[in-house]
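Worksheet: one structure, shown below.
All ligand and atom numbering here is 1-based and tracks the order in the structure.
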Amino acid sequence: MRDDFTRLIMEHQFAVDEILTKVSILRTEFLHLHRYNPIEHVSSRVKSPESILDKVSRRGLEPSLSAIKENITDIAGIRITCSFISDTYRVLEALTSQSDVRVIAMKDYIADPKPNGYRSLHAIVEIPVFLSTGPVPVTVEIQIRTIAMDFWASLEHKIFYKYDGDVPSHLATDLKNAATIAGSLDRQMEELHTEVHGATSLDDA
Ligand code: GTP
Ligand code: MG
């Protein structure tokens with residue numbers, strides 16, 4: 001089991017590396033074509049064995065490798081922070097339309113924010129990782145958001161943990177209001193950006 005776990009983590013790290021390369025190519029190409037960089041920041045992580053096993057027990061899953069592979073889809077995670085809302089959709093499209101990327105699930109929390117105000121695009125994708133023994137499909141969770149969405153989500157995350165998931169209602173209300181303000185800031189920035197740059201797109205080279 002120990003060796004299997006090491007292999008599982010390693011495969012997910014390779015998948016993260018592959019997606020990071022894809023993101024880096026898109027970023028450089030877009031900059032070359034439009035003299036404009038739609039991606040502000042990229043971060044990634046692979047869940048630790050402890051954190052995978054925590055999630056397994058929280059979900060009441062059997063701690064087998066196959067149950068983990070099938071049910072825990074965020075062992076590998078990539079977060080892409082973009083400047084503007086339109087960029088988040090363009091980056092999502094540019095990644096998920098690639099022929100080696102298979103989309104398993106997609107959630108648009110920008111069009112449909114969570115009740116607490118959380119906004120982001122989420123995609124669960126599968127990509128092949130080519131090992132000496134052949135290709136292995138590996139699942140990666142991709143989160144794409146604007147700077148304002150990221151700012152909000154990181155604060156909400158801290159508050160959520162501080163109160164162990166039981167956020168006092170006045171704070172929840174304030175957070176929700178802040179999410180609305182962040183949303184309107186995003187729309188204002190988008191308008192300004194369109195006025196200055198026009199509607200540049202990844203595909204109108
Ligand atoms: P898990 O929460 O990972 O079990 O997944 P889920 O099935 O609820 O999927 P979802 O796509 O809603 O969330 C996946 C990830 O998105 C989370 O692990 C967080 O990183 C992020 N996320 C989702 N909702 C929130 C939220 O309300 N606040 C913050 N800060 N992050 C969120
Ligand atoms: Mg998660």
Original post:
According to the ring pair (Phe, Tyr, Trp, His ring centres under 6.0 Å) rule, which pairs have a member within residues 40-72, sequence neighbours left out?
Top reply: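 Qualifying pairs, neighbours excluded: none.
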Where ligand 1 meets [X] - atom numbers and elements under 4.0 angstrom, heavy-atom basis:
X: Asn116; result: 26 (C), 27 (O)
X: Glu141; result: 14 (C), 15 (C)
X: Asp74; result: 3 (O)
X: Ala153; result: 30 (N)

**OP:** Taking the six-membered ring for Trp and the full ring for Phe, Tyr or His, determine whether the centres of His122 and Tyr118 are under 6.0 Å apart.
**Re:** yes
Original post:
Would one find an N or O of Arg145, backbone or side chain, under 3.5 Å from an N or O of ligand 1?
Top reply: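 Not met; the criterion fails.
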**OP:** Would you tell me which option among Lys114, Lys55, His122 has the nearest heavy-atom contact to atom 16 (O) of ligand 1?
**Re:**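 That would be His122.
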Part of [X] within contact of ligand 1 (heavy atoms, under 4.0 Å):
X: Tyr109; result: side chain
X: Arg79; result: side chain
X: Arg59; result: side chain

Original post:
Is there a donor in the side chain of Gln143 and an acceptor in the side chain of Glu141, or the other way round, less than 3.5 Å apart?
Top reply: yes
**OP:** May I ask you to decide if the ring planes of Phe30 and Tyr36 are parallel, tilted or perpendicular, using 30° and 60° as cut-offs?
**Re:**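 Taking Tyr36 first and then Phe30, their aromatic rings stand perpendicular (interplane angle over 60°).
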Original post:
So Thr81 and Glu40, side-chain hydrogen bond (donor to acceptor under 3.5 Å, both in side chains) or not? Walk me through it.
Top reply: CA-CA 5 Å; Thr81 307; Glu40 290 283 341; over 6 Å; no
Subject >> For Asp17, all residues meeting salt bridge (charged side-chain N to carboxylate O under 4.0 Å, His left out), sequence neighbours excluded >> reply: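 By the salt bridge (charged side-chain N to carboxylate O under 4.0 Å, His left out) rule, Asp17 matches no residue at all.
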**OP:** Just do the side-chain contact (heavy atoms from CB on, under 4.5 Å) check on Ile78 and Leu20 with the steps written out, would you?
**Re:** CA-CA 8 Å; Ile78 310 257; Leu20 287 178; 3.9 Å; yes
